[in-house]
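Notes follow once the structure below has been shown.
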Amino acid sequence: MENTFKKGGISVQTEHIFPVIKKWLYSEKDIFLREIVSNASDAITKLKRLASLGQYEGDESPYRIDVTLDKVAKTLTVADNGIGMTAEELDRYICQIALSGALEFVEKYEGENKSNGIIGHFGLGFYSSFMVSDTVELITKSYTGTNAVHWTCGADGEYETALGEREEHGTTVIMHISDEEAAYLEKYKIQEILEKYCTFIPVEIYFHCEEDTEEQKEKEKEPSPINDTTPLWLKNPSDCTPEEYKDFYRKVFHDFKEPLFWIHINADYPLNFRGILYFPKITNEYESIEGQVKLYYNQVFVADNIKEVIPEYLLMLKGALDCPELPLNVSRSYLQNNTYVAKVSAHIVKKVADKLNSLCNLSREEYEKVWNDIRTFVEYACMRDRKFYDRVKDSLLMELTDGSFVTTADYLEKAKETHESTVYYTTDKAAQAQYVSMFEAQEIQIAVFDKQLDTQFLSMLESYDDKIKYVRIDADVAGALKSDEAVAEDTAIAELFKNVAENDQLKVTFSALKDTTVPLLLTISEESRRMEEMMKMYAMSGMNLGGMSFPRDETLTVNTACPLIAKLGEMEEDKQRKTAAYLYRLAQLSQRKLSAEELQSFLGESYSILELL
């Protein structure tokens, strides 16, 4: 080339570049476009900053980034009208990879100001273009008005620098896509990458495709930017409407079920991060509950579902977090050992707890409507984090059998005259209907705990506050239902029921219950039943229990106030035994599902009773 005035090889400081290449540069090729577009945005941010400091007078051209795909020429071009570079700056920032122009810029113009929005990876980030290119051209012109520079480099690191042709300040990067990476010459692929990584970059981005038909180009004479330069998290919460929050949710997550509610975070010094978190609507309890929290760095997408930033028990959340204190190319090990990340995580937990408390105290009707949708999440979070439980314990609701909701404090306030510090609950209103009706007849409220997690959750609640007991209504609850009448035990009747139950160890007690229509109540102790359920859960999860089993701690309560029990003592031996066996099976049936053998016996006993008639 006649106007070539310098040739050379890329100067690489190996102690800086090789660790980065090994850990990051080739891990995900799509990132190359994010890096190049981020550099373009960075160049414009720098120029804006100089203008605000009076170092640059500016011009009338609006700032923009243009991404152009030319499948025929096999090129992908990213152009900006930012600060540009002189020949000396290009040599310093591009030809010597380990130096960072952004770092030097910040030190010169910003001092200790870290919240400037300058990304700071121009040298190294630029070289990600070689992940998909066999040749890269760079045409740049400094805002100072010096001559444009044209730089060309092959994959072998050999470059040429020459005078360039460019009218306005800024930089154009032309990537000649290699044959092996031809997928990056497809329009849908580039659109997909831009949508993922550049949706909220703070400079308008325009995408052009040379393969578009004339009709398509005609429609796009006045194209719209593909990105939103002012995402909702940048606004003050008081300035955002519910519809804006819902629109943002649909746009980012393509989920057309409305979120239950959202949390807008605007944390200033010392944390300095913003974001919006949503509680998604779950169709049923078996639906996948993994959410999607997108992490951004100054509006540039970094990653999905960073578990170190969001506690694992809150991973069902969806949302976006913009954390400018994190590096753009953040690593997992960095996140695990970073105090800033730990503080961000703690702040998110606090904001979630504050939101639940606010809804419970200020929007109780709305809170009750969404409680069953978020209940499993909240219970799990309480089990995983005692501090979270301490923050939200007064906002934990219990649904009652009549469909209303109460807090534990509300429940115990009403219960203090009858059953003091015991919360009675059902796990299945239909299967335990007899017990429900008996308790409701005594005006005792019954909570509904019908989720798989509830057994462990209730045990946790009792461990946190040993003054409160949670007892299922078909457990040892005869004391809550009996009258004050003194009752004598009947040894013969007790032996009769042990015989028909074929269980010499069966506990048989006698009480005069307030409900005189129920002859027998079969109960299993709360501790025994919870152990059974825990063993079932372990077995379902594939744990080998080695044949381990526990005896059922059952108690049969004979209701002496029921006329049928009085008649039972007067019957002939054969009729008495058949009636007692039938009553015992009914008691079993009201307490749990019968086994195949028990059901067969029940049917035989039923036919025997019919023969007596």
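The first residue in the sequence is number 1, and the count goes up from there. Just so it is clear, the values below take in all heavy atoms, side chains as well, and ignore hydrogens, waters and symmetry mates.
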Original post:
Which heavy atom of R274 sits nearest a heavy atom of L234, and at what distance?
Top reply: NH1-O, 2.8 Å
Original post:
Side-chain contact, heavy-atom cut-off 4.5 Å: T77 with D70?
Top reply: no
Original post:
Say you draw a straight line from CD of Q456 to CG of L458; how long is it, rounded to the nearest 0.5 Å?
Top reply: 10.5 Å
Original post:
What distance separates S395 OG from W371 CH2, expressed to the nearest 0.5 Å?
Top reply: 8.0 Å
Original post:
So, for Y470 and Y425, is the gap between ring centers shorter than 6.0 Å?
Top reply: no
**OP:** Nearest 0.5 Å please: distance from the CG atom of D322 over to the CG atom of L295.
**Re:** 8.0 Å
Original post:
Any side-chain donor-acceptor pair under 3.5 Å between D30 and Y184?
Top reply: yes
Subject >> Heavy-atom donor-acceptor pair, D454 side chain to D450 backbone, under 3.5 Å >> reply: yes
**OP:** Determine yes or no for a side-chain-to-main-chain donor-acceptor pair under 3.5 angstrom, with S404 supplying the side chain and L400 the backbone.
**Re:** no
Original post:
Got a sec: does the CD of E365 have more than 12 other heavy atoms crowding it under 6.0 Å?
Top reply: no
Original post:
Distance-only, no hydrogens or angles: does the Q299 side chain make a donor-acceptor pair with backbone N or O of F200 under 3.5 Å?
Top reply: yes
Original post:
Is a side-chain donor or acceptor of S459 paired with a backbone partner of T455 at a separation under 3.5 angstrom?
Top reply: yes
Subject >> Y424 vs F439, ring-ring contact (aromatic ring centres under 6.0 Å, His included): CA-CA, chis, key distance, verdict >> reply: CA-CA 9 Å; Y424 291 109; F439 274 79; 5.0 Å; yes
Original post:
How many angstroms lie between atom SG of C198 and atom CG of L33, to the nearest 0.5 angstrom?
Top reply: 5.5 Å
Original post:
For the residue pair Y249 and F253, does the interplanar ring angle fall in the parallel (under 30°), tilted (30 to 60°) or perpendicular (over 60°) class?
Top reply: tilted
**OP:** Report yes or no: do N81 and Y63 form a side-chain donor-acceptor pair below 3.5 Å?
**Re:** no
**OP:** Keeping the roles fixed (side chain from S421, backbone from K467), state whether a donor-acceptor pair exists under 3.5 Å.
**Re:** yes
Original post:
Relative to each other, are the rings of Y245 and H264 parallel, tilted or perpendicular (30° and 60° limits)?
Top reply: perpendicular
**OP:** Kindly assign one of parallel, tilted or perpendicular to the pair F301 and Y197, based on the angle between their ring planes and the thresholds 30° and 60°.
**Re:** perpendicular
Subject >> Whether F457 and F449 hold their rings parallel, tilted or perpendicular, with breakpoints at 30° and 60° >> reply: tilted
Original post:
Do the ring planes of F377 and F279 sit parallel (below 30°), tilted (30 to 60°) or perpendicular (above 60°)?
Top reply: tilted
Subject >> Exercise: do E312 and Y380 side chains pair donor with acceptor under 3.5 Å >> reply: yes
Subject >> Which atom of Y340 lies closest to which atom of C323, heavy atoms considered >> reply: OH-CB, 3.5 Å
**OP:** Go through the steps to decide whether R64 and E204 satisfy the test salt bridge (charged side-chain N to carboxylate O under 4.0 Å, His left out), and finish with yes or no.
**Re:** CA-CA 5 Å; R64 61 185 285 159; E204 289 186 348; over 6 Å; no
Subject >> Short side-chain to backbone donor-acceptor contact, S345 and A342, under 3.5 Å >> reply: no
**OP:** Taking T407 for its side chain and D410 for its backbone only, find out whether a donor-acceptor pair lies under 3.5 Å.
**Re:** yes
Original post:
Do N236 and S238 have side-chain atoms, one donor and one acceptor, less than 3.5 Å apart?
Top reply: no
Subject >> Sequence neighbours excluded, every pair satisfying salt bridge (Lys or Arg N to Asp or Glu O under 4.0 Å) that has a member inside residues 341-352 >> reply: K350-D354
Subject >> CZ/R250: more than 12 non-hydrogen atoms of other groups inside 6.0 Å >> reply: yes
Subject >> Worked check of side-chain hydrogen bond (donor to acceptor under 3.5 Å, both in side chains) between E440 and T401 >> reply: CA-CA 9 Å; E440 289 180 342; T401 49; 2.8 Å; yes
Original post:
Side-chain donor-acceptor pair under 3.5 Å between R472 and T427, yes or no?
Top reply: yes
Original post:
Just checking, any donor-acceptor pair under 3.5 angstrom between side chains of Q432 and T426?
Top reply: yes
Original post:
For the ring pair W262 and F248, is the centre-to-centre distance below 6.0 Å?
Top reply: no
Original post:
At what distance, to the nearest 0.5 angstrom, does NZ of K281 lie from CD1 of I374?
Top reply: 11.0 Å
**OP:** State whether the side chain of N361 and the backbone N or O of N357 hold a donor-acceptor pair below 3.5 Å, judged by distance alone.
**Re:** yes
Subject >> Results of salt bridge (Lys or Arg N to Asp or Glu O under 4.0 Å) for R391 - residues two or more places apart only >> reply: none
Original post:
Is N227 reaching over with its side chain to a backbone N or O of V203, donor-acceptor style, under 3.5 angstrom?
Top reply: yes
Subject >> Atom pair CD (E462) and NZ (K469), whose distance is rounded to the nearest 0.5 Å >> reply: 5.0 Å
